[in-house]
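Sequence positions, counted from 1, serve as the residue numbers for this chain.
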Amino acid sequence: MTTSTLTTATPHSPQSSPASRRLPRLAGGTRPDRLGALVALSLPALFILLWSTGYVAGKLALPHAGPFTLLALRFGLAAVVLLAVSVATRAPWPKTARAWIHLGVVGLLMQVLHFSGVYCAIAWGLPTGVAALLIGMMPLATAMGAHLWLAERMSAGQWLGMLGGAAGVALVIVDRPLGGGAWMAYGAGLLGLAGLVAGTLYQKRFCAGMDLRTGSGIQMTVSALTVLALAWWREPGMPDWSPELIGSTLWLGLVNSIGAFSLMFVMIRRGQAGAVARLFYLIPGVSALMGMGLLGEHFGALALAGFVVSAASVGLASMSRAGG
């Protein structure tokens, strides 16, 4: 009902009666309210689970394919599905060349740079939990990037969270010797974090109104073509088509690249951008538990303390920002 119809109702009209206006909300609003609350609770939990499984699936697949080859399979599968859905549902496509370019840039940052860094780090020996820990710094790193690039103000809690998160990562690094190529693995993980943060900020500024189907389809197509070229250059050999590679590719392409990212965008559009940021502090711990249970990864007491310190710092900083 519009404001104009409310103002034209007479004081004696049933429409204007306080009791009659309350009844529809009491009778018909309870179930939708409960359903909305259930959805609001289930989406974050599902997002954490799906995002965390991506690290485990990636590590299971990497012995059978190089990082760029695996990403080409993952992004290619996701691109085919998303483009087919876009055509079948007649989703709107970007109307200007600039909009297409912006979506392509987001794909290069959020998909190619982010996941290339993560997969190279895991392939070079970084445990899945540690890789997730580095990416779990995304809320604070994004706040710092928004402060520097978009002139957004950082609260005192975020500055303290940044220091605490860095201290937690330092504890994990100290617990794990950095001999040989370990520095390269950590560097690749940080590069992946930089790609995710830059892509998030870029999308927030230039692609906020994109259609989820066509926008994601364009991003995945650009990403697939890019990593395919990198795979031809750096990984000329054929992948080992094992059950682990096939299953992981299907999971990564359909569940992670489409499901997890779609959930993230849906929550952001529902006004839960702050909640999405806070969820990232839970992902490292869940990923570490999955790595310990499914991959036999082990962490010392100092590393476990680092996970706790980092998660608490990121969580408290995100809650502080939300509360302010």
[atom2] on [Y] to [atom1] on [X], rounded to 0.5 Å:
| X | Y | atom1 | atom2 | result |
| --- | --- | --- | --- | --- |
| I101 | I218 | CD1 | CD1 | 11.5 Å |
| L304 | H298 | CG | NE2 | 11.5 Å |
| L252 | I258 | CG | CD1 | 11.5 Å |
| S216 | M110 | OG | CE | 9.5 Å |
| R74 | S248 | CZ | OG | 11.0 Å |
| L289 | L294 | CG | CG | 10.0 Å |

Shared ILVMFWY cluster between [X] and [Y], side chains joined below 4.5 angstrom?
| X | Y | answer |
| --- | --- | --- |
| L62 | L250 | yes |
| L73 | M238 | yes |
| L133 | L190 | yes |
| L108 | L230 | no |
| L254 | Y119 | yes |

Return the minimal non-hydrogen interatomic distance between [X] and [Y], and the atom names on each side.
| X | Y | value |
| --- | --- | --- |
| G259 | L50 | C-CD1, 4.3 Å |
| A131 | I122 | CB-CG1, 4.1 Å |
| G199 | V106 | O-CG1, 4.2 Å |
| S223 | G107 | OG-O, 3.2 Å |
| H102 | C207 | CB-SG, 3.6 Å |
| A224 | G76 | CB-N, 3.7 Å |

### Task
Please test V118 against L196 for side chain to side chain contact (heavy atoms under 4.5 Å, CB included), starting from the C-alpha separation and ending with a verdict.
CA-CA 10 Å; V118 170; L196 179 59; over 6 Å; no
Using modelled atom types and a 3.5 Å cut-off, is there a donor and acceptor pairing between side-chain atoms of [X] and backbone atoms of [Y]?
| X | Y | result |
| --- | --- | --- |
| T214 | P92 | yes |
| S86 | A91 | no |
| S116 | L113 | no |
| D211 | W93 | no |
| E235 | F68 | yes |
| E297 | T128 | yes |

### Task
Before giving the answer on side chain to side chain contact (heavy atoms under 4.5 Å, CB included), spell out for Y55 and M290 the whole-Å C-alpha distance, their side-chain angles and the decisive distance to 0.1 Å.
CA-CA 9 Å; Y55 296 97; M290 288 183 177; over 6 Å; no
Does any non-hydrogen side-chain atom of [Y] lie less than 4.5 Å from one of [X]?
| X | Y | result |
| --- | --- | --- |
| F75 | L225 | no |
| M138 | L193 | yes |
| F299 | V130 | yes |
| V222 | V105 | no |

### Message
Once you measure the plane-to-plane angle for W51 and F115, does it fall in the parallel (<30°), tilted (30-60°) or perpendicular (>60°) bin?
### Response
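Taking F115 first and then W51, their aromatic rings sit tilted (interplane angle of 30° to 60°).
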### Stepwise side chain to side chain contact (heavy atoms under 4.5 Å, CB included) check, L245 with D240
CA-CA 7 Å; L245 177 60; D240 171 23; 5.6 Å; no
### Query
Please walk me through it: do Q219 and Q203 pass side chain to side chain contact (heavy atoms under 4.5 Å, CB included)?
CA-CA 11 Å; Q219 291 181 21; Q203 177 155 303; 3.1 Å; yes
### Task
Under 4.5 Å between side-chain heavy atoms, chaining through other members, with only Ile, Leu, Val, Met, Phe, Trp and Tyr counted: pull out the rest of the cluster around W232, sorted by chain and number.
L228
